[in-house]
Amino acid sequence: MKFKLLLLTLLITAFSFAQSKGTITGTLTDKDANNQSLPFANAIIKGTTIGTNTDIDGKYTLKVAPGKYTLQFSFVGYESVEVSVTVVADQTITVDQALGSGSYKLEDVVVRSTVSRQKETALLLDQKNAVSIKQSIGSQELARKGVSDVATAVTKTTGITKQEGSGTIFVRGLGDRYNSTTMNGLPIPSNDPEKKNLNLDIFSTDIVEYISIDKVYNGSIYGDFAGGNVDIISKDYKGKGFVKVDIGSKVNTNAVSNDNFSLQTGINDFGLKASKIPSSPLTAYNYNSLNLETKNPIAGSFGISTGNSFDIGNQSKLNVFATINYSTNYSSRADGSAKGSINGNGVINKNFEEYTSDSYSTNLTGMLNLGYKINKANKINFNSVFINTSSLTKEEFSGLIVDIANDGNGLIRRNEFKKNALWINQLLGEHTLSERTAVRWGTSLNSIDGQMPDRNQNIFRKEADGFKLSNISAPDNHRYYQELQETEVAANLAVDYKFNKDFEGEYKGKFTAGYSGRAKNRDFEARQFNFKTTAANSTISVDPNNLDLFYNQQNLANNVFEITTFRGNSQVPNALDPQIYNGEQFINGGFLNTEYNFGKLSGVLGLRGEYVFQKIAWETQLDPAGDFDELEKIAFLPSLTLKYTVNEKQNLRFGFSKTYTLPQFKERALFVYEEVNEVKVGNPDLYASDDYNFDLKWEVFPSADELISVTGFGKYILNPMNEVTIASSTNDISFINTGDFGYVAGAELEYRKTIFNFDESKSKKLTGGLNASYLYSNQELDSNKVIRETDYNVVFTDAESKFTGASDLLLNADLSFYTDWNNKESNLTTTLAYTYFSDRVYALGTNDRGNLVDKAYGSLDLITKLKLNKKMGIDFIAKNILDATLNRTQENKSGDINVLSYKKGINLGLSLNYQF
């Protein structure tokens, strides 16, 4: 009898399995993002364990027995939707659904895989699940905070500030040399010969999906790392076709209130054309005009973006995104003063009671992204980004100039035009070879054409009968031309292999083996033409606003002034030969990372090996005959990251690594670069530092859009590099390994919170964010080490100091109000954002002079974004509302001296966008 019952049971079971099933399929889209596809969302049969995740195109498929079911769709940070369906055997039912942002709790969602996206909630989930320690900021958060460039974007994350007036960032108190910049994991070149990293100001957030900041090293990153790596992930559009147009205008209050806002005439307003060195520059006067023209300082912007997805056959899809944006900007520094060449007793050689700066800049950005999904297992992407930036600046310094204008009657005017064209081309691929094995690769070809065409400077002395040009030194009045050409190719390859599959079908471990290499070539040349008034004509009065009356072909022919280079006049055979330096750099590295999940504890153990070769050759005014220098380094770089999952909402993380810091081309080239108040010269004896890094982090995710984290970190640096003043007739600044060691220690706090929901639907809410860091840094300063290892002589004022760029306290806070109506097609977001940094060292003091210190500064911004309907939106931005004074002081023992002071003014902007 028992046998018959068992047989009957088996027959019923077999019949049940043989019964035909039906299919539910469809696509999930993002209601808040123009119905773009929603990858890795959940599609579950309610009350069962039957479920799946959508693929990269937002598609899902479920096979179930015939019957009536409730289909449940969900994704972290989105409202869940339930749909009733009736399944018929051997038939397919299609259920498409759009999900919108909501208050869905993180603990209620089971997400088997995640993808980094533009939304804050998705990035928080990615941060929570990742074994590595990282921070990300997406385009949604950038828009809410009114951020338009990458440099400002990264300062909205913990422990990062930006140097005023530049795109240079400081990560945990460590400046440009300690950080690195990549795009989609591949390196991108610098557009400034003095900098290691690209000026992040020029990168518009319009082309960004999200920005990832790695402050903890792992073996897949190049070893030239101590502060952090900024990885810009380009926008990869997936969804229905659209066209979006933006138009806007903005003003700077200092600029519009300046009755005499003027700049050098004859410079191309679009920033696309650069002047060249004229023919016969020593014997014929064919130079651009030095006269000024008044400008109407009202800036504008225009942009157009488009995207679409195209199905190709049954499995393939082509995603296209393109954008082009052009913007202008006017700025002005007001209420300024400046001082230079101050000794330890406070004696000032340059004391400018009035300092002003007017500037006009342009940014043209174009991007094309093509994503081709061959099938579910293979995908390739092509990115091409072109960025052309220009800036035209007029700086004026009025006051005391020792030996030229001892009565405080001096005037220095410097006009500077810069134009940089950056072209980035990348080809990326992802391939799933099997259940265990996946391959990722990328190649890039990047080029930069950086020009400073016709920087000019004139020094005047005002006397009773008018202004006189200084003729004490030939370079007092000059025109300077600089050009940088750099090409870099790079390649990445990584192979993942999963191992040790458990009973639930999940793999416990993963090996990642990879290679990354880059080859860079730089050609730099500069020519300076000095205009010295002959002694017999030194008393001629000139009009600073009409210098063309003095500098012209007739006066040159009459020997009123002469034109020379550092090599001599036109009688010298090689007088026109430029100052040059050429740089070659090759970095080849391989790594092996082992990731393993022990349960609550998971970790990644990595080892990277790198070979570095760098060669610099030069012919400059310091070494006209020319020379070269080579640097080689073999580095073995271990790293360890551990993550302990306390519960579903809490993680503990630990990181340790060894890295290095490499000198840059210009830091080692024997080349002189002159500013009004300082002169910089390279040091061929500069060598790499070694860095040891430590992190310990605790993080809590109370809900999908909330975060609390506390991090402690430390860095120990051997042979740190700094900019210091060397003993010379002009107190030049150079780059020196200043001591045997230095260290940084600190703590970071980040808090994101929904403060108040005004209704049950949570369509009206108040949210806030705070991140703060406290930093302590110290380094040994050893004058004997500098003398022993270099040809320079340095006498440090102090035996130890903070790191340059290190602030004790960094603070970012924001408060946002959000409300929507008209079924979420209309919404309003208003954000107040505040940024603060405490005092930080700009340059180390020598020869009894104190450190130069940038004093504490805070800035408040207001951003309002109104979406009128599905198609139209209006944005209003007010930046630097407090308009506090920026100050730089020299902290001498005899008392602090303010060496630079000015106000930036308030920036106001209004823009309109329309989407077809």
**Student:** Parallel, tilted or perpendicular: which fits the ring planes of Tyr285 and Tyr551, with parallel below 30° and perpendicular above 60°?
**Tutor:**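 Parallel, since the angle between the ring planes stays under 30°.
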
**Student:** About how many Å separate CG of Asn369 and CG of Leu428, when rounded to the nearest 0.5 Å?
**Tutor:**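 That separation rounds to 9.0 Å.
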
**Student:** How close do Gln621 and Gln579 get, counting heavy atoms only, and between which atoms?
**Tutor:**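 Shortest heavy-atom separation between Gln621 and Gln579 comes out as N-OE1, 3.1 Å.
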
**Student:** Do Asn229 and Ile213 have side chains that approach each other closer than 4.5 Å (heavy atoms only, starting at C-beta)?
**Tutor:**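 The answer is no, as the side chains (C-beta and beyond) never meet within the 4.5 Å cut-off.
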
**Student:** Any idea which heavy atoms bring Gln264 and Leu392 closest together, and the distance?
**Tutor:**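 Taking Gln264 first and Leu392 second, the nearest heavy atoms are O-CD2, 3.8 Å.
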
**Student:** Would you call Lys865 and Asp875 a salt bridge, using N to O less than 4.0 angstrom?
**Tutor:**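 Between Asp875 and Lys865 there is a salt bridge, with a charged N closer than 4.0 Å to a carboxylate O.
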
**Student:** With a 4.0 Å cut-off, would you call Lys295 and Asp269 a salt bridge?
**Tutor:**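 Salt bridge between Lys295 and Asp269, a charged N being under 4.0 Å from a carboxylate O: yes.
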
**Student:** Decide yes or no for Leu576 and Pro281: does some side-chain heavy atom of the first lie under 4.5 Å from some side-chain heavy atom of the second?
**Tutor:**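 Yes - at least one pair of side-chain heavy atoms lies under 4.5 Å apart.
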
**Student:** Using distance alone, with no hydrogens and no angle criterion, decide if Thr389 and Asn363 have a side-chain donor and acceptor under 3.5 Å apart.
**Tutor:**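 Per modelled atom types, Thr389 and Asn363 side chains form no pair under 3.5 Å.
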
**Student:** Would Ser911 and Asp246 count as a side chain to side chain donor-acceptor pair (under 3.5 Å) here? Give the steps.
**Tutor:** CA-CA 7 Å; Ser911 63; Asp246 294 86; 5.6 Å; no

**Student:** Using the side chain to side chain contact (heavy atoms under 4.5 Å, CB included) rule, pick out the option among Thr565, Thr564, Leu556 that qualifies with Leu282.
**Tutor:**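 Running side chain to side chain contact (heavy atoms under 4.5 Å, CB included) over Thr565, Thr564, Leu556 with Leu282 returns exactly one hit, Thr565.
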
**Student:** With heavy-atom distances below 4.5 Å as the criterion, would you say the side chains of Gln614 and Arg668 are in contact?
**Tutor:**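 Touching, per the 4.5 Å side-chain cut-off.
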
**Student:** Side chains of Asn388 and Ser390: any donor to acceptor distance under 3.5 Å?
**Tutor:**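 Their side chains do not contain a donor-acceptor pair, so the 3.5 Å distance test is not met.
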
**Student:** Can you tell me how far the CG atom of Asn254 sits from the OG1 atom of Thr356, to the nearest 0.5 Å?
**Tutor:**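 Output value for this atom pair is 11.0 Å.
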
**Student:** Quick one, Tyr372 and Phe382 - any side-chain contact, counting heavy atoms below 4.5 Å?
**Tutor:**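 Side chain of Tyr372 against side chain of Phe382, heavy atoms only: no contact under 4.5 Å found.
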
**Student:** Ignoring hydrogens and angles, tell me if any N or O in the side chain of Asn252 forms a donor-acceptor pair with the backbone of Ala255 under 3.5 Å.
**Tutor:**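 Yes: the side chain of Asn252 pairs with the backbone of Ala255.
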
**Student:** For Gln553, look at atom CD and say whether over 12 heavy atoms of other residues, nucleotides or ligands are found less than 6.0 Å away.
**Tutor:**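 Correct, the count exceeds 12.
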
**Student:** Looking at Asn546 and Asn291, what are the two nearest heavy atoms and their distance?
**Tutor:**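 Minimum heavy-atom contact is OD1-ND2, 2.9 Å.
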
**Student:** Under 3.5 Å, is there a donor-acceptor pair between the side chain of Ser249 and the main chain of Ala299?
**Tutor:**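 Flag set: sc Ser249 to bb Ala299 pair under 3.5 Å.
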
**Student:** If we ignore hydrogens and angles and just use 3.5 Å, is the side chain of Ser384 paired with the main-chain N or O of Leu368 as donor and acceptor?
**Tutor:**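 No, because the side chain of Ser384 does not come within donor-acceptor range (under 3.5 Å) of the backbone of Leu368.
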
**Student:** Of all heavy-atom pairs between Asn458 and Leu547, which one has the smallest distance, and what is that distance?
**Tutor:**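 Heavy atoms only, the tightest pair is OD1-CD1, 3.5 Å.
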
**Student:** Does the side chain of Phe242 reach to within under 4.5 Å of the side chain of Phe321, using non-hydrogen atoms?
**Tutor:**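 They are in side-chain contact.
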
**Student:** How far apart are the C-alpha atoms of Phe397 and Tyr355, what are their side-chain angles, what is the distance that settles it, and do they pass the ring-ring contact (aromatic ring centres under 6.0 Å, His included) test?
**Tutor:** CA-CA 5 Å; Phe397 303 79; Tyr355 161 61; 4.9 Å; yes

**Student:** Measure from the side-chain N and O atoms of Arg479 to the backbone N and O of Tyr287, and report whether any donor-acceptor pair falls under 3.5 Å.
**Tutor:**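 Such a contact is absent between Arg479 side chain and Tyr287 backbone.
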
**Student:** If I take atom CD from residue Gln528 and atom NE2 from residue His478, how far apart are they, to the nearest 0.5 angstrom?
**Tutor:**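 Taking CD in Gln528 and NE2 in His478, the distance rounds to 4.5 Å.
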
**Student:** So, is the end of the Arg518 side chain (NZ or CZ) under 6.0 Å from the ring centre of Tyr222 and within 45° of the ring's axis?
**Tutor:**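 Judged by the rule (NZ or CZ under 6.0 Å from the ring centre, within 45° of its axis), Arg518 counts as positioned above Tyr222.
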
**Student:** Looking only at heavy atoms, which two atoms of Leu469 and Phe460 are closest? And how far apart?
**Tutor:**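 Here Leu469 and Phe460 meet closest at CD2-CE2, 3.5 Å.
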
**Student:** Side-chain donor-acceptor pair under 3.5 Å between Gln485 and Asp449, yes or no?
**Tutor:**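 Yes, a side-chain donor-acceptor pair sits under 3.5 Å.
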
**Student:** Got a second to check how far Leu263's CG is from Glu416's CD, nearest 0.5 Å?
**Tutor:**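 Taking CG in Leu263 and CD in Glu416, the distance rounds to 12.5 Å.
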
**Student:** Would you indicate whether the side-chain heavy atoms of Ser289 and Thr265 approach each other to under 4.5 Å?
**Tutor:**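 Yes - at least one pair of side-chain heavy atoms lies under 4.5 Å apart.
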
**Student:** Between atom NZ of Lys419 and atom CZ of Phe270, what is the distance when rounded to the nearest 0.5 Å?
**Tutor:**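 Between Lys419 NZ and Phe270 CZ, I get 14.5 Å after rounding to 0.5 Å.
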
**Student:** Salt bridge check: are Lys520 and Glu584 linked by an N-O gap of less than 4.0 Å?
**Tutor:**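 Judged by the 4.0 Å cut-off on N to carboxylate O distance, Lys520 and Glu584 do not form a salt bridge.
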
**Student:** CG/Leu910 to CD1/Ile877 distance, rounded to the nearest 0.5 angstrom?
**Tutor:**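 If we round to the nearest 0.5 Å, Leu910:CG and Ile877:CD1 are 9.5 Å apart.
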
**Student:** Is the distance from the ring center of Tyr581 to that of Phe665 below 6.0 Å?
**Tutor:**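 When the ring centroids of Tyr581 and Phe665 are compared, they turn out to be at least 6.0 Å apart.
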
**Student:** Within 45 degrees of the axis of the six-membered ring of Tyr480 and under 6.0 Å from its centre: does Arg455 put its NZ or CZ there?
**Tutor:**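 Geometry flag: set, cation within 6.0 Å and 45°.
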
**Student:** Answer yes or no for Arg333 and Tyr902: cation-pi contact, defined as NZ/CZ to six-membered ring centre under 6.0 Å and angle to ring axis within 45°.
**Tutor:**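 Checked: cation-pi criterion met.
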
**Student:** Side chains of Gln426 and Asn184: do they bring a donor and an acceptor to under 3.5 Å?
**Tutor:**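 Yes, a side-chain donor-acceptor pair sits under 3.5 Å.
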
**Student:** At their closest point, which heavy atom of Asn319 faces which heavy atom of Ser309, and how far apart are they?
**Tutor:**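 Residues Asn319 and Ser309, closest heavy atoms: OD1-OG, 2.6 Å.
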
**Student:** Does the side chain of Ile733 reach to within under 4.5 Å of the side chain of Val681, using non-hydrogen atoms?
**Tutor:**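 No - every pair of side-chain heavy atoms lies 4.5 Å or more apart.
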
**Student:** Any non-hydrogen side-chain atom of Lys871 less than 4.5 Å from a side-chain atom of Phe916?
**Tutor:**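 No, side chains not in contact.
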
**Student:** State plainly whether the residues Lys879 and Asp861 are in salt-bridge range, i.e. N to O under 4.0 Å.
**Tutor:**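 Looking at Lys879 and Asp861, the cut-off is not met.
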
**Student:** Less than 3.5 Å apart, any donor N or O on the side chain of Ser327 or Ser301 sitting next to an acceptor on the other?
**Tutor:**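 Looking only at side-chain atoms, Ser301 and Ser327 do not form any donor-acceptor pair under 3.5 Å.
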
**Student:** Could you walk me through whether Asn477 and Phe561 pass side-chain contact (heavy atoms from CB on, under 4.5 Å), step by step?
**Tutor:** CA-CA 11 Å; Asn477 302 283; Phe561 65 92; over 6 Å; no

**Student:** Just by distance, no angles: are the side chains of Glu486 and Asn446 close enough, under 3.5 Å, to form a donor-acceptor pair?
**Tutor:**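 Side-chain D/A pair, Glu486 to Asn446: absent.
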
**Student:** Between the side chains of Asp358 and Ser332, does any donor sit under 3.5 Å from an acceptor?
**Tutor:**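 Side chains of Asp358 and Ser332: pair found under 3.5 Å.
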
**Student:** Under 3.5 Å, side chain of Gln664 to main-chain N/O of Leu662, donor-acceptor pair present?
**Tutor:**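 Yes, Gln664 side chain to Leu662 backbone: donor-acceptor pair under 3.5 Å.
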
**Student:** Counting only N and O atoms by type, is there a donor-acceptor contact under 3.5 Å from the side chain of Asn907 to the main-chain atoms of Asn880?
**Tutor:**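 A pair under 3.5 Å: no.
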
**Student:** I'd like to know if Glu667 and Arg177 make a salt bridge, using a cut-off of under 4.0 Å between side-chain N and carboxylate O.
**Tutor:**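 Arg177 and Glu667: salt-bridged.
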
**Student:** Going by atom types only, do Ser359 and Ser331 share a side-chain donor-acceptor pair under 3.5 Å?
**Tutor:**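 The criterion, which ignores hydrogens and geometry beyond distance, is satisfied for Ser331 and Ser359.
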
**Student:** State, without any angle test, whether Thr182 and Asp231 hold a side-chain donor-acceptor pair at a distance under 3.5 Å.
**Tutor:**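 Looking only at side-chain atoms, Asp231 and Thr182 do form a donor-acceptor pair, the distance falling under 3.5 Å.
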
**Student:** Should Glu395 and Arg414 count as an ion pair when the cut-off is N to O under 4.0 Å?
**Tutor:**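 No.
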
